[in-house]
Amino acid sequence: QKEVEQNSGPLSVPEGAIASLNCTYSDRGSQSFFWYRQYSGKSPELIMSIYSNGDKEDGRFTAQLNKASQYVSLLIRDSQPSDSATYLCALYSGTYKYIFGTGTRLKVLA
Amino acid sequence: GAGVSQTPSNKVTEKGKYVELRCDPISGHTALYWYRQSLGQGPEFLIYFQGTGAADDSGLPNDRFFAVRPEGSVSTLKIQRTERGDSAVYLCASSLTGQINNYGYTFGSGTRLTVV
């Protein structure tokens, strides 16, 4: 079992809709989680980090963490075509290292 | 520099050849990381430097891979006797310290290595 699992997609949503991206992880001791966005041919860029159970909002993005169920999700409200990218879920392993999922490809249809 | 710089951006090499990939981190960042991203996969950790020393090289796939950071700034990832399976994007990242905080770390634009 991979440590971080994501559906590879593509997830297609119409412009203006809410995109919901999900991630599960196997290490119950994991404490910190991150969402990175990666446009095709580009390097990953950090969107959000979350450490505590519950929701964390930043603009159109909301990260949700449920440690009991071992999942973390990212909601994108009012999705725009410019949000079309691959979204990588990562957990923080130790003090310096990420473990990434395979990413979910999101397509926002105009 | 303003960001993490990686050169070359693209490298095509023949199977069996030796390649070097260079990473120039953000000025003042003591921590430097190499990751490898194969097509359709997330980045996989290769090696972490704190200053000049490799603090963790557990992600290097085999002894054909080696990395150095002699002066605690620029790092070079070296791959000997390249194989087609080495084809991937090699990402470098740096951070001020070895601790990941809310800001994560900054990735370079990567070197796309193709072994033919």
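Labels below follow one simple rule: chain letters A, B, ... track the order of the sequence lines, proteins then strands, and each chain is numbered from 1. Because the structure is predicted, anything quoted here is derived from the model rather than measured.
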[X]-[Y] co-clustered via ILVMFWY side chain contacts under 4.5 Å:
X	Y	value
A:Leu46	B:Tyr35	yes
A:Leu106	A:Ile47	yes
A:Leu11	A:Trp35	yes
A:Ile99	A:Leu74	yes
A:Phe33	A:Ile76	yes

Could you tell me the separation between the CG atom of B:Leu46 and the NZ atom of A:Lys97, rounded to the nearest 0.5 Å?
->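 Between B:Leu46 CG and A:Lys97 NZ, I get 10.5 Å after rounding to 0.5 Å.
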
Pairwise distance CD(B:Gln37) to OG1(A:Thr102) - rounded to 0.5 angstrom =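 The OG1 atom of A:Thr102 is 10.5 Å from CD of B:Gln37, to the nearest 0.5 Å.
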
Give a yes or no on whether A:Lys107 atom NZ has more than 12 heavy-atom contacts from other residues, nucleotides or ligands under 6.0 Å away.
->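 No, the 6.0 Å shell around NZ holds no more than 12 heavy atoms from other groups.
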
Check whether more than 12 heavy atoms from other residues, nucleotides or ligands sit under 6.0 Å from atom CZ of B:Phe66, and answer yes or no.
->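 Atom CZ in B:Phe66 is not crowded, with 12 or fewer foreign heavy atoms closer than 6.0 Å.
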
Shortest non-hydrogen contact between B:Gly42 and A:Leu88, atoms and distance =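 Answer, listing the atom of B:Gly42 first, then A:Leu88: CA-CD2, 4.0 Å.
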
B:Tyr33 side-chain N/O to A:Tyr98 backbone N/O, donor-acceptor pair under 3.5 Å =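 Looks like no, no N/O pair under 3.5 Å.
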
Side-chain donor/acceptor of A:Ser43 to backbone N/O of B:Gly108, under 3.5 Å =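 Pair found, side chain donor or acceptor close to backbone of B:Gly108.
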
Name the region of A:Glu45, side chain, backbone, both or neither, that has any atom closer than 4.5 Å to a heavy atom of chain B.
->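 Contact with chain B is absent: no heavy atom of A:Glu45 under 4.5 Å.
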
Indicate yes or no: at least one non-hydrogen side-chain atom of A:Tyr36 is less than 4.5 angstrom from one of B:Phe107.
->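 They are in side-chain contact.
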
Engaged part of B:Ser58 at the chain A interface, taking heavy atoms whose separation is under 4.5 Å =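 Contact with chain A: side chain only.
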
Top residue by heavy-atom pair count (under 4.5 Å) with chain B, among A:Gly41, A:Gly101, A:Pro44?
->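 Maximum pair count with chain B is reached by A:Pro44.
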
